Amino acid sequence: MIQNIEISLRRMNEIDYENMLEWRHDEEVKKYYSNPHDTYTMEKVMKKYKFRIEGKDKKIPCIIEYYGNPVGYIQYYELDLTEKQKIIKGKCKRY
């Protein structure tokens, strides 16, 4: 977990499914997140994030909290060995 007084970042878990469902129905979020016409159900949210939460997917799901309240989602993944070697050799694009 990463945190300061106001903002923290923690691994997503099953209690976050409801927030994910709510966020996936938010019109502002839909503008920027994958297919805006895709309708999410609780079953679809659970199917999408279950393996990530269990560590069976390359993606690491995290929840952003503001003063302890969930306000967003972010994910990352570990680079594979080839990608790491490119960075070490200075042959990888930096973003």
Side-chain angles (χ1 to χ4, degrees):
M1 179 191 321
I2 300 171
Q3 69 180 44
N4 68 23
I5 295 171
E6 300 171 356
I7 298 173
S8 63
L9 180 66
R10 63 168 174 79
R11 292 285 300 255
M12 181 180 178
N13 59 52
E14 291 86 3
I15 65 168
D16 297 306
Y17 288 148
E18 282 193 43
N19 286 325
M20 292 303 293
L21 182 61
E22 181 181 335
W23 295 334
R24 294 304 298 251
H25 285 129
D26 184 277
E27 292 302 319
E28 194 66 22
V29 172
K30 285 174 140 183
K31 290 180 188 177
Y32 304 101
Y33 201 96
S34 65
N35 183 351
H37 305 292
D38 200 4
T39 303
Y40 268 74
T41 62
M42 181 58 78
E43 181 181 347
K44 193 169 182 177
V45 167
M46 291 170 71
K47 183 178 179 182
K48 181 176 181 91
Y49 297 101
K50 182 179 192 295
F51 289 110
R52 296 177 190 184
I53 289 171
E54 293 175 346
K56 297 176 182 174
D57 189 292
K58 193 174 181 179
K59 298 173 192 85
I60 312 297
C62 296
I63 298 296
I64 304 164
E65 293 184 337
Y66 182 69
Y67 285 106
N69 298 306
V71 295
Y73 172 83
I74 190 170
Q75 66 187 28
Y76 68 92
Y77 62 94
E78 186 174 346
L79 298 176
D80 64 27
L81 183 58
T82 304
E83 293 167 323
K84 288 178 185 178
Q85 289 172 338
K86 286 180 184 178
I87 290 172
I88 291 168
K89 294 178 182 177
K91 296 181 179 180
C92 186
K93 290 182 181 178
R94 306 229 183 230
Y95 298 98

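For the single chain, residues carry numbers from 1 onward in sequence order. None of the values given here were measured: they were computed from a predicted structure.
Not a single side-chain hydrogen bond (donor to acceptor under 3.5 Å, both in side chains) links Asp80 to another residue, sequence neighbours left out. With sequence neighbours excluded, no residue forms a side-chain hydrogen bond (donor to acceptor under 3.5 Å, both in side chains) with Glu43. For Asp16, the side-chain hydrogen bond (donor to acceptor under 3.5 Å, both in side chains) test picks out Arg10, with sequence neighbours left out. By the side chain to side chain contact (heavy atoms under 4.5 Å, CB included) test, Glu27 pairs with Lys30, sequence neighbours left out. For Lys44, the salt bridge (Lys or Arg N to Asp or Glu O under 4.0 Å) test picks out Asp38, with sequence neighbours left out. The side-chain hydrogen bond (donor to acceptor under 3.5 Å, both in side chains) search around Lys48 returns none, not counting sequence neighbours. Residues meeting the side chain to side chain contact (heavy atoms under 4.5 Å, CB included) test with Asp26, sequence neighbours left out: Glu28, Val29.
With rounding to the nearest 0.5 angstrom, the CD1 atom of Ile60 is 9.5 Å from the CD atom of Gln75. Atom CE of residue Met12 and atom SG of residue Cys62 lie 10.0 Å apart, to the nearest 0.5 angstrom. Taken to the nearest 0.5 Å, the NZ atom of Lys50 stands 5.5 Å off from the NZ atom of Lys56.
By the 4.5 Å side-chain criterion applied to Ile, Leu, Val, Met, Phe, Trp and Tyr, Phe51 is assigned to no cluster and stands alone.
Screening residues 6-31 for ring-ring contact (aromatic ring centres under 6.0 Å, His included), with sequence neighbours left out, gives no hits. Residue pairs meeting the ring-ring contact (aromatic ring centres under 6.0 Å, His included) criterion with at least one member in residues 52-82, sequence neighbours excluded: Tyr49-Tyr73.
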Open item on the list: For a side chain to side chain contact (heavy atoms under 4.5 Å, CB included) check, start with the C-alpha distance between Ile63 and Asn19, then their side-chain angles and the critical distance, and finish with the verdict.
Closed with: CA-CA 10 Å; Ile63 298 296; Asn19 286 325; 5.9 Å; no
- [ ] Walk me through it: do Met42 and Glu18 pass the test side chain to side chain contact (heavy atoms under 4.5 Å, CB included)?
- [x] CA-CA 7 Å; Met42 181 58 78; Glu18 282 193 43; 3.7 Å; yes
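Shown here for Glu78 and Lys58, the closest heavy-atom pair between the two residues is O-CE, 3.6 Å. Considering all non-hydrogen atoms of both residues, Thr41 and Leu21 come closest at C-CD1, 3.6 Å.
Within 6.0 Å of CD in Glu54 there are more than 12 heavy atoms belonging to other residues, nucleotides or ligands.
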